[in-house]
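Report on the following structure.
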2 protein chains.
Amino acid sequence: METLLNLWPHPPVDDGDAARFCSTCVFGRLCLPDGYDKRALADLHCLIEHVGPFRAGDEIFHTGEAFNAIFSVRAGLVKTYVLDDKGREQVLGFYTPGELVGLNAIYPARYPCNAVAVDTVMLCRFSFPAMATLAARIPSIQETLFRLISKDIGTATLGKGDYSAEERLAAFLVNWSERLSSRGYSARRFVLPMQRTDIANYLSLAPETVSRVIRRMTDEGLIAIDRREVELRDPETLERLASSLLRRG
Amino acid sequence: METLLNLWPHPPVDDGDAARFCSTCVFGRLCLPDGYDKRALADLHCLIEHVGPFRAGDEIFHTGEAFNAIFSVRAGLVKTYVLDDKGREQVLGFYTPGELVGLNAIYPARYPCNAVAVDTVMLCRFSFPAMATLAARIPSIQETLFRLISKDIGTATLGKGDYSAEERLAAFLVNWSERLSSRGYSARRFVLPMQRTDIANYLSLAPETVSRVIRRMTDEGLIAIDRREVELRDPETLERLASSLLRRG
DNA sequence: CGACTGTTTGAAGACGATCAACCCCTGTGG
DNA sequence: CCACAGGGGTTGATCGTCTTCAAACAGTCG
């Protein structure tokens with residue numbers, strides 16, 4: 001498989017164009033169901049703070065820290081995880097450009113997990129109290145917040161259930177593919193920027209199992225893979241494998 | 001083990017006292033962090049609709065149905081679940097009096113799961129659009145909604161990870177115990193109103209495995225159980241077993 | 001009392017985890 | 001340019017836990 005170039009999203013970083021964030025940030029796409037609302041955007045823009053770059057391994061927030069902001073990923077990959085009493089890690093999620101991190105912290109008012117940069121990460125920081133105030137004034141923002149938080153319930157619910165290693169990996173690939181393609185990247189060929197152990201951990205599998213399933217899928221012609229670059233060769237079969245986990249009935 | 005009487009919550013049903021719902025409903029306890037806000041309560045009360053009773057097996061809502069309301073359980077037990085393409089059921093959650101059902105439907109604007117009554121159920125129905133409007137006017141209600149929805153992310157996240165059957169069941173019992181005791185019921189002795197199959201399904205275990213783990217725990221003196229009535233005989237050990245799953249680090 | 005559902009028990013099998021070794025790529029220093 | 005070290009990833013062999021299949025059992029309701 002030839003080397004894939006520029007498959008991984010790295011949208012333009014702060015160039016001083018105030019409106020630019022909309023193309024990357026969720027609020028640019030989700031906030032305003034019926035097109036752009038200039039006033040809402042302008043108000044939103046006031047409370048945005050660009051932070052970063054973070055380098056691979058840098059902490060974005062950690063468990064127990066007081067909650068005061070949510071983050072929208074502008075570039076790179078963010079991983080959230082928790083540590084149990086014995087120091088074992090449990091990966092909770094990966095966040096790619098356009099996605100929001102930290103919504104699970106609203107309830108306890110403290111971040112309930114750690115967030116780290118997997119590669120070079122740029123973020124938008126939204127003060128949550130300020131957003132809430134704005135939300136009370138602008139219905140479309142309130143609605144968007146409700147929906148975004150609610151969406152994370154569904155995301156967290158995916159994967160509940162008893163699935164084979166093959167179903168899990170297929171679902172992971174299909175879901176990843178869809179999230180990238182919804183942002184304009186190729187659904188067929190993309191990069192998995194995280195390491196195998198993190199994928200395995202996220203899927204509640206042993207790294208060895210992930211490796212073996214990848215091999216099996218490669219042998220069966222479902223995927224082609226070279227290091228972290230993937231091509232979905234048989235998306236239909238993968239989707240069928242993933243369907244029950246992703247609840248496509 | 002002698003028969004347990006009145007262990008299962010069945011709070012008083014509609015008696016015409018307008019303020020009464022506060023003792024059962026989440027909004028009575030969570031809405032107003034610093035005590036009761038009479039005006040907010042009065043406004044809330046206008047958009048509440050008491051529905052029920054539902055009998056065991058009655059559908060409350062079903063997958064794909066347009067979302068327009070959330071429900072607070074006043075009495076009985078509600079189960080949510082999804083069906084995959086092969087008709088297999090996956091239980092997503094159990095909701096006991098005081099808990100809210102339907103928050104995961106905000107995002108897709110359709111209920112993403114089915115909800116049924118496990119026993120005799122009484123509900124408060126909240127029109128969501130009306131609540132959102134009210135939330136824009138009353139900050140404490142908006143804040144509560146954000147927190148309640150966010151809380152469900154954390155709830156859905158529990159159980160992610162690779163745990164033994166023993167850890168799962170211990171976590172289930174401890175969690176159930178805490179939810180009941182936070183509402184004034186005994187933390188030590190209570191009823192599990194759902195059937196074993198549903199517990200097993202919820203925990204992603206085979207019913208047979210649940211049965212065996214129960215036997216093991218009984219033999220080891222951790223619990224005493226008779227049909228659906230449980231006594232936690234060694235809560236400390238159970239909590240230790242459950243700690244990593246429930247993320248008590 | 002008898003049929004049905006829900007639950008328990010037992011024996012056999014499958015799937016993934018674990019342990020151990022090896023491989024490959026990268027970066028480093030001589 | 002090559003030798004080496006180290007992390008991440010792959011492969012193989014064995015073990016354990018949970019599932020599956022089958023049957024018996026218990027409680028409930030007609």
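Each chain gets a letter, A, B and so on, in the order the sequences are listed, and its residues count up from 1. Source: prediction; values computed, not measured.
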Exercise. For B:T120 and B:R55, does a side-chain donor sit closer than 3.5 Å to a side-chain acceptor?
Worked result: yes
Exercise. Quick check: does any side chain N or O of A:D234 sit under 3.5 Å from a backbone N or O of A:T237, one acting as donor and the other as acceptor?
Worked result: yes
Exercise. Could you state the CG-P distance from A:L205 to C:dA17, rounded to the nearest angstrom?
Worked result: 5 Å
Exercise. NA contact type, A:T218, heavy-atom cut-off 4.0 Å: base, sugar-phosphate, or nothing?
Worked result: nothing
Seminar exercise, completed: When rounded to whole Å, the OH to C1' distance for the pair B:Y163 and C:dA17 reads 16 Å
Could you go over nucleotides 18-24 of chain C and give all protein N or O partners under 3.5 Å, atom names and distances?
residue, atom, partner, partner atom, Å
C:dT18, O4, A:R212, NH2, 2.9
C:dC19, N4, A:E208, OE2, 3.0

For this session: Assign each of B:V210 and A:E166 to its nearest nucleotide of DNA chain C by heavy atoms, then name whichever residue's nucleotide is nearer the 5' end.
Result: B:V210
Exercise. With the threshold set at 4.0 Å, does a side-chain nitrogen-carboxylate oxygen contact exist between B:E231 and B:R188?
Worked result: yes
For this session: Measure the distance from CG on B:L192 to P on C:dT7 and round it to the nearest whole Å.
Result: 11 Å
For this session: Nearest whole angstrom, please: distance from the P of D:dT19 to the CG of B:L203.
Result: 10 Å
Exercise. What's the closest nucleotide to the A:A165 side chain, out of D:dT11, C:dG16, D:dG8?
Worked result: C:dG16
For this session: Rounded to the nearest angstrom, tell me the gap between atom CG in B:D198 and atom C1' in C:dT5.
Result: 13 Å
For this session: Could you tell me how the ring of A:F61 sits relative to the ring of A:Y111: parallel (under 30°), tilted (30 to 60°) or perpendicular (over 60°)?
Result: parallel
Exercise. Expressed in angstrom and rounded to an integer, what is the separation of B:R196 atom CZ from D:dT19 atom P?
Worked result: 16 Å
Exercise. Once you round it to whole Å, what is the distance between C1' of D:dA26 and CD1 of B:I225?
Worked result: 15 Å
Exercise. Is the distance from OP1 or OP2 of D:dG8 to the nearest side-chain N or O of A:T197 less than 4.0 Å?
Worked result: no
For this session: Side-chain contact test, heavy atoms from C-beta onward, threshold under 4.5 Å: evaluate it for A:L192 versus A:W176 and give yes or no.
Result: yes
Exercise. Which part of the nucleic acid, if any, lies within contact of B:R168, taking any heavy atom under 4.0 Å across all strands shown: a base, the sugar-phosphate backbone alone, or nothing?
Worked result: nothing
Exercise. Which part of the nucleic acid does A:I214 contact within heavy-atom distance under 4.0 Å: base, sugar-phosphate only, or nothing?
Worked result: nothing
Problem set entry | With B:D198 via side chain to side chain contact (heavy atoms under 4.5 Å, CB included) - residues at least two apart | B:K79, B:E89, B:V91, B:F94, B:M194, B:Q195
Problem set entry | Whole-Å distance separating the CE atom of A:M194 from the P atom of D:dG9 | 11 Å
For this session: Check whether any side-chain heavy atom of B:R183 lies under 4.5 Å from a side-chain heavy atom of B:E99, and answer yes or no.
Result: yes
